[in-house]
Amino acid sequence: MTRQLTDFLQNYIKKGSLFKDKKALQSNYKPKAVPYRGDQINQVAAILAPILRMEKPSNLFIYGKTGTGKTLVTKHVTENIRRIAKENKINLKIFYLNCKLKRVADTEYRLIAQLAREFGEEVPATGLPTDEIYKIFLNKLEEEKMILLIILDEIDQLVHKTGDEILYNLTRLNSELKESEISIIGISNDLLFTDNIDPRVKSSLSEEEIVFPPYNAIQLQKILKQRSKLAFHEKIIKEGVIEKCAAYAAREHGDARRALELLRVSGELAERKGDTRIEVKYIDQAEEKIERDRVVDIVATQPKQFKITLHSIVTVCSNNTNQSIFTGDVYNTYKETCSQCGITPLTQRRLSDIIAELDMLGIINAKVISKGRYGRTREISLAIPEGNITQITTILKNSLSL
DNA sequence: CGAGATTCATGTGAAGTATACCTTTAGGCTTAA
DNA sequence: AAGCCTAAAGGTATACTTCACATGAATCTCGTA
């Protein structure tokens with residue numbers, strides 16, 4: 001047994017890795033150049049450039065589907081601006097916040113609190129009035145006499161959850177500032193986002209707008225080739241692999257992040273199998289694995305009540321296969337589940353909201369339908385691939401100690 | 001037969017409540033002069 | 001008298017509950033052809 005293990009480990013070293021630099025394929029990797037986004041880079045740069053003359057740049061709004069390079073381009077440009085600002089002794093700060101993160105920036109209070117924390121200020125998670133937290137933040141900002149650039153990623157999620165007042169407050173902030181100035185970059189996956197917000201907010205928040213088009217399959221291929229040169233040793237990738245990755249991602253609205261992830265995970269799978277080259281067959285496995293990991297990750301990080309709800313949905317789904325299931329069924333099962341693990345159940349009202357949130361997360365599909373005489377409800381189905389359900393159930397059971 | 005009323009099961013908005021946390025304030029105790 | 005600690009008072013954000021009303025198509029009702 002030990003013998004085997006030593007052999008394995010020895011071999012592992014000897015064989016070396018398929019990867020030269022795996023980081024090049026990870027989602028937080030920032031390449032030196034961003035291909036096919038020259039226009040967007042120039043536009044963003046042109047809009048933000050006034051910073052370097054200590055002038056407040058226009059607020060900017062960026063739209064585009066996931067994996068079209070919004071975040072990457074924004075970071076790319078702002079990094080450069082940050083660098084040049086530093087060289088020229090311009091007092092500039094750039095804060096990047098992802099509004100989707102639960103319990104970080106998903107309410108007005110938490111958003112501002114997080115900004116204050118970026119300044120190194122200790123602020124409590126709750127208890128203070130919201131204007132108080134604004135004051136703390138603004139005072140700190142005034143003290144430092146600077147230009148502040150706030151990047152709000154996935155801002156549509158925030159507004160969806162808490163309404164558009166936040167945006168109004170944010171845009172109004174400048175009028176309260178004497179020494180410093182704030183500019184906001186909003187990034188949204190939802191192309192129709194601004195249709196539903198207050199026109200006053202809209203005009204001041206999106207003084208400038210940039211739309212990021214999806215990549216097409218050929219562009220994706222080029223991107224993949226470029227990155228794979230950095231990431232893998234020579235001649236590791238078999239013919240057709242890149243093409244297939246690109247095709248898969250192009251099918252999903254040209255999502256470059258996905259394409260890169262497919263390639264990376266394929267590589268990892270090949271490596272784990274002891275293969276010396278990446279075969280086309282690994283891509284399909286990779287796609288499955290990615291989806292599985294995504295779901296597992298989401299599920300595992302949900303609060304308890306969300307887990308119980310999800311568990312109930314899974315249970316109901318598996319009990320009556322190929323029949324549609326409704327809120328009422330889920331709620332009944334939910335109550336049972338609660339009594340099993342000794343937790344007082346929430347009301348149906350609340351459960352309704354939780355189901356809606358789970359839908360937003362994309363792990364279930366819930367559509368409000370009217371069954372005519374038989375009332376109105378949500379038609380719920382799982383958005384988890386068939387093969388992963390058992391695994392998810394296990395995770396849920398373990399964390400709920402069922 | 002068809003237009004309009006009815007109905008059901010739950011969606012959904014608003015307001016209220018519980019909890020956990022915050023600051024302020026008043027009182028009480030200690031201490032030093 | 002001044003200083004310090006503590007506990008109560010008064011305030012907030014968040015997650016949840018309560019209450020009440022909204023929804024919308026299948027079904028029912030009833031007048032009419």
Side-chain angles (χ1 to χ4, degrees), chain A residues 97-140 152 157-170 173 196-198 298 301-313 315-317 319-320 323-339 341-361 364-381 399-400:
Chain A
L97 282 184
N98 189 327
C99 304
K100 195 179 60 179
L101 296 177
K102 248 186 189 178
R103 293 170 188 280
V104 175
D106 60 345
T107 69
E108 180 168 21
Y109 179 92
R110 299 212 257 240
L111 177 75
I112 306 300
Q114 194 57 35
L115 288 174
R117 281 191 203 107
E118 299 275 347
F119 274 123
E121 206 75 0
E122 292 270 328
V123 288
T126 171
L128 291 183
T130 307
D131 3 346
E132 198 63 31
I133 208 87
Y134 266 108
K135 260 184 225 157
I136 295 174
F137 166 63
L138 290 175
N139 284 341
K140 197 73 189 174
L152 301 175
Q157 305 265 342
L158 177 65
V159 173
H160 182 87
K161 236 189 108 172
T162 62
D164 53 12
E165 264 173 58
I166 304 169
L167 299 184
Y168 182 68
N169 291 339
L170 281 175
L173 240 41
N196 311 318
I197 63 175
D198 191 324
I298 294 177
T301 54
Q302 287 310 302
K304 190 167 267 169
Q305 292 289 0
F306 285 63
K307 284 182 181 167
I308 302 176
T309 310
L310 190 58
H311 184 264
S312 313
I313 293 172
T315 313
V316 177
C317 271
N319 280 355
N320 39 7
Q323 269 183 53
S324 26
I325 68 163
F326 307 112
T327 307
D329 312 332
V330 174
Y331 188 59
N332 289 333
T333 315
Y334 163 81
K335 276 192 290 191
E336 277 175 40
T337 317
C338 277
S339 66
C341 46
I343 289 170
T344 43
L346 302 176
T347 50
Q348 185 159 337
R349 175 73 186 82
R350 178 63 185 145
L351 205 79
S352 175
D353 284 347
I354 292 180
I355 290 173
E357 281 193 51
L358 288 173
D359 177 46
M360 287 274 295
L361 287 167
I364 64 171
N365 297 313
K367 205 171 102 201
V368 181
I369 56 158
S370 178
K371 292 189 290 169
R373 184 64 206 275
Y374 304 102
R376 214 166 105 90
T377 183
R378 280 198 174 87
E379 192 178 46
I380 302 164
S381 63
S399 64
L400 298 172

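Throughout, a chain's letter reflects where its sequence line sits, starting with A, and its residues are numbered from 1.
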- Item | A:L358/A:I313 under side chain to side chain contact (heavy atoms under 4.5 Å, CB included): CA gap, chis, key distance, verdict | CA-CA 11 Å; A:L358 288 173; A:I313 293 172; 4.2 Å; yes
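- Phosphate contact (OP1/OP2 of C:dA13, side-chain N/O of A:T126, threshold under 4.0 Å): absent.
- The main-chain N or O of A:I197 is never found under 3.5 Å from a side-chain atom of A:D164 such that the two would form a donor-acceptor pair.
- Not a single donor-acceptor pair, N or O on each side, falls under 3.5 Å between the base of C:dG24 and the side chain of A:R373.
- Checked against B:dG11, C:dA13, B:dA14, the side chain of A:R349 finds its nearest nucleotide in B:dA14.
- Considering only side-chain N and O atoms, A:T347 lies nowhere under 4.0 angstrom from the phosphate OP1 or OP2 of C:dC16.
- At the phosphate of C:dA13, OP1 or OP2 sits under 4.0 Å from a side-chain N or O atom of A:T130.
- Using a 4.0 Å heavy-atom cutoff across all strands shown, A:P345 reaches sugar-phosphate atoms only and no base atom.
- In this entry the distance linking OH of A:Y109 with P of C:dA15 reads 13 Å, nearest Å.
- Atom CD1 of A:I355 and atom P of B:dG11 are 7 Å apart (whole Å).
- For A:T107, the side-chain atoms get nearest to C:dT14 when compared with the rest of B:dG11, C:dG24, C:dT14.
- A donor-acceptor contact under 3.5 Å is not formed by the side chain of A:R350 with the base of C:dT17.
- When distances run from any side-chain atom of A:L128 to the nucleotides B:dT23, C:dT14, B:dG11, the shortest one goes to B:dT23.
- Atom-to-atom, CD of A:Q305 to P of C:dT14 comes out at 19 Å; the value is rounded to the nearest Å.
- Out of B:dT23, B:dG11, C:dA15, the shortest distance to the side chain of A:R110 is found at C:dA15.
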Practice item. Might you work through the salt bridge (charged side-chain N to carboxylate O under 4.0 Å, His left out) test for A:R349 and A:D353, ending with a clear yes or no? Key: CA-CA 7 Å; A:R349 175 73 186 82; A:D353 284 347; 3.0 Å; yes
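- The nearest whole Å value for the distance from the NZ atom in A:K371 to the C1' atom in B:dT6 is 18 Å.
- Under the 3.5 Å distance criterion, the side-chain polar atoms of A:Y334 are matched with a main-chain donor or acceptor of A:L346.
- A:E132 places its CD atom 14 Å from the C1' atom of C:dA13, with the value rounded to the nearest Å.
- Of the possible polar contacts, one joining the A:T301 side chain to the A:I298 backbone as a donor-acceptor pair under 3.5 Å is found.
- A donor-acceptor contact shorter than 3.5 Å is absent between the side chain of A:S352 and the backbone of A:Q348.
- Here B:dC22 presents its C1' atom at 14 Å from NZ of A:K135, a figure rounded to the nearest Å.
- Comparing atom distances between the A:R376 side chain and each of B:dC22, C:dT23, C:dT18 picks out C:dT23 as nearest.
- Taking side-chain N and O atoms only, A:S370 has no distance below 4.0 Å to OP1 or OP2 of C:dA26.
- When rounded to the nearest whole Å, the span between CD of A:E379 and P of C:dT23 equals 21 Å.
- Looking at which nucleotide of DNA chain B each of A:G375 and A:D353 is closest to, the 5′-most match is held by A:G375.
- Nearest to the side-chain atoms of A:R103 among the listed nucleotides B:dG11, B:dC21, C:dA15 stands C:dA15.
- Of the candidates B:dG11, C:dT12, C:dT27, the closest approach to any side-chain atom of A:Y374 belongs to C:dT27.
- Distance CD (A:E108) to C1' (C:dA15): 18 Å, rounded to an integer number of Å.
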